[in-house]
There are 2 protein chains.
Amino acid sequence: MSKAQSVLAHWHSHRDVLAPLVASVPEDKLDFKPWDGAMSFRDLVWHILAVSATFAAAAKAGRLTERPEQPDLSTKQALLDAISTFTEKTHADIASISDEQFESIVETKAVFGADLPAKALLASLIDHEIHHKGQLFVYARLMGAETLPFFIHR
Amino acid sequence: MSKAQSVLAHWHSHRDVLAPLVASVPEDKLDFKPWDGAMSFRDLVWHILAVSATFAAAAKAGRLTERPEQPDLSTKQALLDAISTFTEKTHADIASISDEQFESIVETKAVFGADLPAKALLASLIDHEIHHKGQLFVYARLMGAETLPFFIHR
């Protein structure tokens with residue numbers, strides 16, 4: 001198994017929970033935030049998609065590239081469509097990274113204060129996604145969702 | 001760097017956030033739960049400590065061993081002491097695992113439905129801890145904490 005395939009298997013075990021999680025919440029509560037300064041449910045889903053897409057694109061390109069433009073997220077279906085589109089894009093970027101490229105340094109100093117090897121950037125992508133997905137589970141309960149997926153997709 | 005050292009560095013980047021996170025919340029709200037069926041803040045901290053200790057002990061022993069006994073968790077200081085004790089124990093167990101042992105199969109079928117290689121068990125330990133720590137950040141905000149650590153210890 002290539003390093004990219006191994007990262008993809010790990011990443012998908014979390015990413016593939018996002019659509020069922022979004023599907024579980026009431027359509028009229030997508031702007032829910034648990035406390036005043038929080039990101040809303042909708043914004044936190046987008047934050048996960050955008051950051052993971054940005055990290056994967058950077059690991060592929062060897063440098064940070066432009067942040068993706070926010071698509072329509074006005075309805076639950078639009079959120080699910082965005083998950084689908086960005087999952088496909090992020091998957092393709094990770095899949096394109098060769099084993100040698102995993103060790104190469106990515107120019108990330110402007111954002112992270114240090115240049116990181118591609119493998120560290122991809123590990124951070126997954127950690128960041130698990131962290132915020134965990135938060136979305138609490139959001140979903142507070143929004144009234146009763147049946148939630150397991151936190152890892154099997 | 002041995003495989004154990006690499007896992008320890010990754011694990012500590014999350015575990016070492018737990019004490020400052022607990023320190024940030026009000027002493028009189030440790031029983032806070034965001035929704036009726038939720039684990040309380042106190043219980044969720046213990047859940048992280050207990051599961052990580054159990055997974056690390058199993059990876060070391062090659063089989064599931066007894067769950068650790070719950071220590072005093074009645075005050076914030078008791079919680080901080082438990083974090084310290086269990087972090088030391090879990091660290092020692094992971095540190096003792098040789099590179100060869102990472103590939104060996106652990107008898108986990110009774111709990112997971114399948115026997116898992118030690119390396120997969122340790123990866124799950126970290127994922128599980130990040131997931132619930134993310135939830136504790138939402139709890140802490142809802143409990144009135146204003147200054148929180150970053151989600152990764154640097």
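Proteins come first, then strands; the chains are lettered A, B, ... in the order of their sequence lines, and each starts at number 1. Computation of the quantities below employed the complete heavy-atom set of this structure, encompassing side-chain atoms and omitting hydrogens, waters and symmetry-equivalent molecules.
- Both L121(A) and I130(A) are members of a single hydrophobic cluster when ILVMFWY side chains are connected at heavy-atom separations under 4.5 Å.
- Other residues, nucleotides and ligands contribute more than 12 heavy atoms inside 6.0 Å of the CD atom of E103(A).
- Both the backbone and the side chain of H128(B) come within contact range of chain A, each with at least one heavy atom under 4.5 Å from a heavy atom of that chain.
- By the criterion of side-chain heavy atoms lying less than 4.5 angstrom apart, applied directly or through intervening Ile, Leu, Val, Met, Phe, Trp or Tyr residues, V51(A) is not grouped with F86(A); the two fall into different hydrophobic clusters.
- For D127(A) against H14(B), the heavy-atom pair with the smallest separation is OD2-NE2, 2.8 Å.
- Clustering ILVMFWY residues whenever any of their side-chain heavy atoms sit less than 4.5 angstrom apart, transitively, puts L125(A) in a cluster other than the one holding V17(A).
- When the heavy atoms of residues 136-154 of chain B are compared with those of chain A, the residues falling under 4.5 Å are F137(B), V138(B), Y139(B), R141(B), L142(B), F151(B), listed by number.
- Cluster annotation: F102(B) and F112(B) are assigned to the same hydrophobic cluster (Ile/Leu/Val/Met/Phe/Trp/Tyr, side-chain heavy-atom contacts under 4.5 Å, transitive).
- Residues of residues 18-48 of chain B lying under 4.5 angstrom from chain A, judged on non-hydrogen atoms, are P34(B), W35(B) by number.
- Atoms NE2 and CD, from H132(B) and Q135(A) in turn, are 13.0 Å apart once rounded to the nearest 0.5 Å.
- Under the 4.5 Å side-chain contact rule for hydrophobic residues, L8(B) and I83(B) do not share a cluster.
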